[in-house]
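Only one structure is covered here, and it is reproduced in the block below.
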Amino acid sequence: MSAFLASGPNLGRGGIGAWLAGLSSAGKAGVLAIEVVVMLVIWQLVVGVFGWINPVFFPPPLAIAQGFGELVSSGVLAANLPISLQAWLIGFALAVVIGIPLGLLMGSVLPVDRVVGPIAWTIYATPSIAYQPLAKAWFGFGIGPVIFLVTISAVFPILLNIAAGMRTTNTSIIRAGRVYGANRMQLYRSVYLPSTVPFLFAGLRQAVVLATIGMVVAELSGSSSGMGAVIIRAANTYQTDQAFAAIAVVVVWSVGMTQVVTLVERWVAPWTRKGR
Amino acid sequence: MASTIDQHGAEASAAPLISVRDLTVSYDIARTGDRLIAIEGVDLDVREGEFVTVLGPSGCGKTTFMNVIAGLVKPSAGQVLVDGEPVIGPGPDRAVVFQDYALLPWRTVFENVKFGLEMQRALKGAGWRERVQDAIELVGLKGFESSYPRELSGGMQQRVGLARAIVAQPRILLMDEPLGAVDALTREVMRDEIEKLIAATGKTVLFITHSIEEAILLGDRIVVFKSHPGAIKEVIETGLERPRSERSVQSDPRFLELRDHLWDALQSEATAAAVSK
């Protein structure tokens, strides 16, 4: 059976590449853990022990850990993290709710694609930080501008990926559907929609990362709360260890959410699971 | 040598199941404003239960020809009758086996075989599960019901494609170079299996190929296509006994004679095509 499992293109891997590709998932996790530990040790040695770099600008890992402890004990994390996550989750949910139907519509109705497509690409191509001052003007100083920036950052990768997925549906499969007399509704339900699913998840993974960027950008200036505000306040008062700790929390969230998307994909779309 | 090759003449007395009348298909090429003639003036009758192979070089319009019969492409002129009725679209009396298998990657083998019945809204009532299971076993995929296509070899994927077509119980099976993407060894095995399978089910088959051996081994009749524009060059009765097996037929003098004849026919076609470019 395993001889029939597709293993992806053979790119002529040899040496360490072949060894890495052949690892079990536990083995891969082990390699990653070792990589992280080695990096942290070097960092600690260079900054903390030898003092080659000023630790105020680039605090060593142990100092960051201490900074994290301070964020927790002072209640700063408990006060600000929920605010950020709330804005992130609401903004991301909005992006999904807007992006999926609009993407499906773009992918299936050519005039909609021609009208919405250029607008979508234009907004997508604009750095989200450019909308930040405007967002403040439109939505005030609360959670509003943060939600706006999260949504506007996350909606386009979802929308554009889905539209692309609809348009690139395998024509052979469409013909197979037609041969058996599938009507338009059946073709959408049984052919177009399922073949779009891998594109949806690719879009969602990009959207997670961009949503986090949007969140931090919105909170960096003019916000009194949220993880972005914690970062900028700590950095302005030279508590760089706390700033780095806050950044680390944001990164953990971002990476964690991409993993959640991947897990959901494996559950919803087991056929996309790669053999490696 | 050609004198012993019977050019196909009068039809059998019974009305043909498929009747192609002066069929022409042409496309407008938007980019250049030219008109491309894919096939021109094709006439062909196919009797019920007949296995017809369509042989021709790449780009001779044989797939277009099949697509018109399948109801996927509209003729520009002429018409196709199936059982006396003009073809205006796909229908449950015809099923297609595709060169690239056209399986749904998100469905298991069982669900893929079920696909045709599902699209035909034929899943009502009891018995369809057994039919799907029987078709899977008929093509030798028992035990792979819950595998996904990407877990299967090319030959096995085409078996799924075959089962999907058979389970819909069409009268006509249209096969578009079904073994074209399969490796050589699997190809030979599957050729024999297809021959046995079709003999057992008695279906009418139109089988498109660019392999001379395949056309002879499988066909009751061979329709040879020429290109520029695509049209029928000649129709030949193979006159070989059934059941045929790869080994017994290949030493048959009739096989060798047909092969030489078709080789010459296709070679002049290929040369003409190369010169016209």
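Numbers restart at 1 for each chain; the letters A, B, ... are given by sequence-line order, proteins then strands. As the structure is a computational prediction, the values presented were derived from the model and not from experiment.
Within a 6.0 Å radius of CD1 in I16(A), other residues, nucleotides and ligands contribute 12 heavy atoms or fewer. Atom CG of L32(A) sits in a crowded spot, with more than 12 heavy atoms from other residues, nucleotides or ligands closer than 6.0 Å. The environment of CZ in R189(A) is sparse: at most 12 heavy-atom neighbours from other residues, nucleotides or ligands sit within 6.0 Å. The number of heavy-atom neighbours closer than 6.0 Å to CZ of R184(A), taken from other residues, nucleotides and ligands shown, is 12 or below.
In this structure, chain A has no heavy atom under 4.5 Å from any part of L117(B). Neither the backbone nor the side chain of V197(A) comes within contact range of chain B; no heavy atoms are under 4.5 Å apart.
When the candidates P198(A), S195(A), G181(A), G177(A) are compared by the number of heavy-atom contacts under 4.5 Å with chain B, S195(A) comes out ahead.
Considering E118(B), Q120(B), M119(B) in turn, M119(B) is the only one that fulfils the side-chain contact (heavy atoms from CB on, under 4.5 Å) rule with Q186(A).
When the side chain to side chain donor-acceptor pair (under 3.5 Å) test is applied to Q158(B), no partner is found at least two apart in sequence or on another chain.
Across every non-hydrogen atom of G116(B) and Y180(A), the tightest pair is CA-CG, 3.4 Å. When all heavy atoms of I173(A) and P105(B) are compared, the pair lying nearest together is CD1-CD, 3.8 Å. Taking each heavy atom of P270(A) and Y148(B) in turn, the nearest pair found is CG-OH, 3.4 Å. W271(A) approaches R150(B) most closely through the heavy-atom pair O-NE, 2.9 Å.
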### Task
Start with the C-alpha distance between Q99(B) and S172(A), add both sets of side-chain angles, then the distance that settles side-chain contact (heavy atoms from CB on, under 4.5 Å), and finish with yes or no.
CA-CA 9 Å; Q99(B) 180 178 10; S172(A) 232; over 6 Å; no

### Query
Would F115(B) and V191(A) satisfy side-chain contact (heavy atoms from CB on, under 4.5 Å), going step by step from the backbone distance to the final call?
CA-CA 10 Å; F115(B) 177 71; V191(A) 178; 4.1 Å; yes

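For the atom pair R178(A) CZ and N67(B) CG, the distance stands at 9.0 Å (nearest 0.5 Å).
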